[in-house]
Asks: 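Below is a structure I'd like to ask you about.
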Amino acid sequence: MQSGQSQSEWDGVINGTIVLPAGLVPGGLVLWEAGRLSYVGAERRVRPGLRLLDACGGYIGPGFVDLHVHGGAGADFMDATPEAVQCACSAHLRHGTTTIFPTTTTAGIELLHEMIGACGVVMRQQRRDWGVSTIGGVHLYGPYFAADKSGCHDREYCRAPVAAEFEPYFESGLVKIATCAAELPGAVDFYRAARRRRCLVTCGHSNASWTEMRQAYRAGMRHVDHFWCAMSSVPSIRQRLGTPMQGSMAEFVLMEREMSTEVIADGCHLSPELLEFAVRMKGPDRLCLVTDCNRALDMPAGDYVFGNRQSGTLFSSDGLVGRAAGGGLASAIVGMDHMVRQMYSDTTADLPAVFRMASLTPAERAGVQRKVGSLEAGKRADVLLLNRRLKIESVVLGGQLRHQAD
Ligand SMILES: [Zn+2]
Ligand SMILES: [Zn+2]
């Protein structure tokens, strides 16, 4: 940024390599007007007086889209207050996430309504203050999990879906991603209801068999959460249903082209060969990077609560990842910028592919790709400036500079 200019109003960014889904554009120029992108391409003569940010020879990329995220900077979305929701959204904005889907954990009905309500308050408040909201919608994740695959979520609150409970969540109009374990009674009705509401319908924390996945697919399920974590495998299905051995969630996702999935690329959940396997098997247009980040983001190592501050489950952060009491993983503690750097260094995916997995692919899966997810004229001006090592220098949201690294 030119010295002496501290305003948040800018017209564009110059002097960087633009990262598009189709490739890189060195010597790029990105312009916006009234919060929307108006030009994305090679540098050209611009009218004098335009206020342009300087990318200093780094990268100019799209804001990230996170489908699966629990909190940050000390707050969990399940704390269910507008202050907590705003705190976590702001923390992830600093890590490049400009469209976020606050994600529920397993909990009681009242608390789930409070969380959805708090997200609604923050969406309206952000629109009033900034003209746009970072919240794309709520991810109704818990409580419809299989108890034997609850992971770090409180098992007490795992239950099967019933319309009398879930219809009011959908009636809020805020739920855009809806998860349920496919083997639970009532799962097919839940999937159909979620599809009617145009949600991304997903299966997660599940020990589902091939047959159950096929039924779920027919009812509209198209996505599976954090691949390899809290999901069925051939051995787990053999344990449940005996022989002949049967296909599991893993084979279903890998074999069915229309299915997408996500990886937690924090370097602690999955080794480089698994990240490489996932991207080669599904391709960058069916694989999303998610943070699955909890409240320990940008906080010192120590003990924290996953989910609601009063009623959630305890875990500890060692500064790299969350660990549950028994030593198991308890979700990630880093932002999407970290996931992008890790994926880029751990796999053969090139930068356009890695950015696609953090922006356009999740935007497409959640149905918001016409508004956000890539640098394209007409879309919201959500723009990241990164240095050559992919560290975030500046975050532009809806054409306004919202964060600058010190
Ligand atoms: Zn999970
Ligand atoms: Zn999670």
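As the structure is a computational prediction, the values presented were derived from the model and not from experiment. All ligand and atom numbering here is 1-based and tracks the order in the structure. For the numbers below, each heavy atom of this structure counts, side chains included, while hydrogens, waters and symmetry mates do not.
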Asks: Examine distances only and state if a side-chain atom of Asn387 and a backbone atom of Gly58 form a donor-acceptor pair shorter than 3.5 Å.
Replies: no
Asks: Got a sec: is Ser331 within less than 2.8 Å of the Zn ion (ligand 1) via an N/O/S atom?
Replies: no
Asks: Rounded to 10°, how big is the angle at the Zn ion (ligand 2) from His70 NE2 to His68 NE2?
Replies: 110°
Asks: Run the salt-bridge test on Arg159 and Glu165 with the 4.0 Å N-O cut-off and return the result as yes or no.
Replies: yes
Asks: Only one of Arg365, His226, His68, Arg286 clears side-chain hydrogen bond (donor to acceptor under 3.5 Å, both in side chains) with Glu262; which?
Replies: His68
Asks: Below 2.8 Å, any N, O or S contact between His226 and the Zn ion (ligand 1)?
Replies: yes
Asks: Closer than 2.8 Å to the Zn ion (ligand 1), do we get an N, O or S atom from His205, backbone or side chain?
Replies: yes
Asks: Looking at Asp79 and Arg295, is any side-chain nitrogen of the basic one under 4.0 Å from a carboxylate oxygen of the acidic one?
Replies: yes
Asks: Give a yes/no answer: is there an N/O/S atom of Asp292 under 2.8 Å from the Zn ion (ligand 2)?
Replies: yes
Asks: On a heavy-atom basis, which atom in Cys158 and which in Phe145 lie closest, and how many Å separate them?
Replies: CB-O, 3.5 Å
